[in-house]
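This report concerns only the one structure given below.
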Amino acid sequence: MFPLRGKLLVGLLLVVVCSSVMIAQAQYNSSPYLSPATVLLNYQKMVSSFKVFMYKPNKPQFKFATKVESLFYSSLQNSTYLTQDPEEAHLFFVPFSHDISTRSLARVITRVRTDLPYWNRTLGADHFFLACAGIPHDSDRNLVELKKNAIQISCFPSRHDKFVPHKDVTLPPLPSPHAPARRVRATVLVNDTEPSDRLVGASEFCMVEYENDASWIGEALRLGCVPVVVTEGAVNDMPFMDVLRWGEIAVFVRSGKGVKRVVGDMWREPHERMRRLGVVASKHLLWNHPPLPFDAFNTIMYQLWLRRHTVRYSNVQ
């Protein structure tokens with residue numbers, strides 16, 4: 001009797017485990033997220049607990065190079081993420097003007113290093129800055145640590161020599177004001193016909209040049225057009241790379257490699273899944289003023305929150 005009961009219990013346990021695996025797999029297949037089981041829970045934790053301390057800017061009034069940088073900065077200033085108590089901060093924000101000189105930027109980091117003790121604890125690894133143009137190569141210790149250790153928020157697409165994957169993050173672009181409300185400036189590919197401009201909402205795939213058409217990727221996703229990103233090489237700076245499964249919502253093709261053939265292999269069911277996941281993911285690329293849950297600003301903050309656990313480097317004399 002007991003052996004039979006044991007077998008029944010083992011069998012029941014296997015059924016539960018298999019069911020859980022199948023549910024998790026189904027959830028993963030229907031979600032654009034890398035970790036669909038935890039993203040909502042982690043996001044709620046981030047909203048309720050994440051704190052950022054901002055150092056005083058290098059001057060009272062300064063400008064950023066792009067509108068999206070200014071939008072992120074103003075959203076952060078008016079958010080509940082900022083704290084006046086550096087002891088409760090998870091990360092530290094170092095603001096500076098886009099036209100700051102190399103020497104002046106080095107002075108900013110010197111001030112950050114000497115005025116408060118937080119930079120020296122990690123050599124800047126729990127700090128972040130906003131700079132679409134990146135940091136110039138320089139031998140000054142302050143700039144070396146800023147470039148190597150601190151998290152850079154840049155604009156998509158970023159220059160490869162100015163972006164460090166898995167450390168840095170990119171701002172999703174603002175929609176282009178030159179594109180009509182329901183049209184994206186992209187080449188639409190349908191079956192084997194020649195590429196042509198069409199309404200995105202009625203199209204299948206939209207060919208987007210990585211260097212030139214970045215501002216239309218979010219709009220294409222929102223309207224159900226799967227982006228075909230044509231690039232010269234690997235793309236490591238897509239917005240929210242550690243949140244979204246870009247390989248499931250967009251097609252990446254090297255220029256000159258036969259876009260039609262690649263797209264033709266993904267017709268029907270794979271396309272429909274990508275289109276559906278892309279529509280869900282598109283809310284993360286949308287900028288709102290004021291910000292809304294899960295939009296571009298809050299997803300950037302979520303990426304920063306994921307990086308709050310920093311490696312503490314040994315001080316080199």
Side-chain angles (χ1 to χ4, degrees), residues 30-36 39-40 42-44 46-47 50 52 64-81 130 132 153-158 168-186 188 199-203 205-206 208-210 212-229 235 237-251 273-306:
S30 62
S31 170
Y33 304 116
L34 291 171
S35 302
V39 64
L40 179 59
N42 286 338
Y43 179 86
Q44 296 300 337
M46 183 272 296
V47 170
F50 188 32
V52 171
F64 289 105
T66 65
K67 290 183 179 179
V68 72
E69 288 176 291
S70 298
L71 183 55
F72 173 84
Y73 181 69
S74 62
S75 298
L76 179 60
Q77 280 188 308
N78 296 306
S79 74
T80 59
Y81 298 119
L130 181 60
C132 275
I153 301 179
S154 61
C155 296
F156 174 79
S158 302
D168 300 337
V169 297
T170 53
L171 297 172
L174 291 169
S176 171
H178 304 295
R182 291 194 57 81
R183 181 181 291 270
V184 69
R185 185 185 171 188
V188 174
L199 289 177
V200 174
S203 60
F205 293 88
C206 291
V208 178
E209 293 183 6
Y210 169 71
N212 301 318
D213 298 330
S215 60
W216 297 295
I217 290 179
E219 185 71 358
L221 290 172
R222 186 178 70 83
L223 295 175
C225 188
V226 177
V228 179
V229 183
V235 178
D237 64 337
M238 294 296 291
F240 315 133
M241 286 284 287
D242 48 2
V243 178
L244 298 175
R245 293 191 291 153
W246 275 102
E248 297 295 324
I249 60 179
V251 183
R273 185 181 69 251
M274 296 179 77
R275 186 198 65 78
R276 185 176 64 252
L277 296 182
V279 171
V280 175
S282 66
K283 64 183 178 182
H284 297 284
L285 282 77
L286 184 63
W287 288 95
N288 297 294
H289 188 69
L292 296 175
F294 295 101
D295 71 354
F297 170 72
N298 281 298
T299 310
I300 286 289
M301 297 308 295
Y302 178 72
Q303 282 197 297
L304 292 172
W305 185 77
L306 292 176

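It should be emphasised that the depicted structure is a prediction, and the values quoted were computed from it without experimental measurement.
Between A250 and V226, the closest heavy-atom pair is CA-CG1, 4.2 Å. Annotation for Q303 and M241: closest pair NE2-N, 3.7 Å, computed over non-hydrogen atoms. Minimum interatomic distance between H284 and F294 (heavy atoms only, all atoms of both residues): ND1-O, 3.0 Å. Between A296 and F240, the closest heavy-atom pair is O-CZ, 3.8 Å. Of all the heavy atoms in I249 and G278, the pair that sits closest is CG2-N, 3.6 Å. Nearest heavy atoms, S282 versus G218: CB-O, 4.0 Å.
Put simply, the side chain of V229 does not reach to within 4.5 Å of the side chain of W246, judged on heavy atoms. Taking 4.5 Å as the limit, some side-chain heavy atom of L130 sits within range of a side-chain heavy atom of L171. With a 4.5 Å cut-off on side-chain heavy atoms, C155 and V68 count as touching. Counting only heavy atoms from C-beta outward, the side chains of I300 and P172 approach each other to under 4.5 Å.
The OG atom of S31 sits 10.5 Å away from the CD atom of E248 when rounded to the nearest 0.5 Å. Note: S35 OG to N42 CG = 8.0 Å, rounded to the nearest 0.5 Å. Atoms CG and CG, from L71 and L76 in turn, are 11.5 Å apart once rounded to the nearest 0.5 Å. For the atom pair F297 CZ and S79 OG, the distance stands at 4.5 Å (nearest 0.5 Å). Taken from CG in L221 to CE in M274, the straight-line distance is 9.5 Å, to the nearest 0.5 Å. With rounding to the nearest 0.5 Å, the separation of OG1 in T299 from CG in L304 is 11.0 Å.
Not a single donor-acceptor pair under 3.5 Å links the side chain of R276 to the backbone N or O of S30. Using a distance-only test at 3.5 Å, with no hydrogens or angles considered, no donor-acceptor pair links the side chain of W287 to the main chain of F72.
Every residue two or more places apart in sequence or in another chain that forms a side chain to side chain contact (heavy atoms under 4.5 Å, CB included) with M46 is listed here: Y43, F50, Y81, M301, Y302, W305. For T66, the side-chain hydrogen bond (donor to acceptor under 3.5 Å, both in side chains) criterion is met by E69, not counting sequence neighbours. Contacts of S158 classified as side chain to side chain contact (heavy atoms under 4.5 Å, CB included), with partners at least two apart in sequence or in another chain: S154, F163, T170, D237. The side-chain hydrogen bond (donor to acceptor under 3.5 Å, both in side chains) search around N288 returns D295, not counting sequence neighbours. Listed by chain and residue number, M54, Y73 satisfy the side chain to side chain contact (heavy atoms under 4.5 Å, CB included) test with Q77 (two or more places apart in sequence, or in another chain). With sequence neighbours left out, E209 forms a side chain to side chain contact (heavy atoms under 4.5 Å, CB included) with N212, D213.
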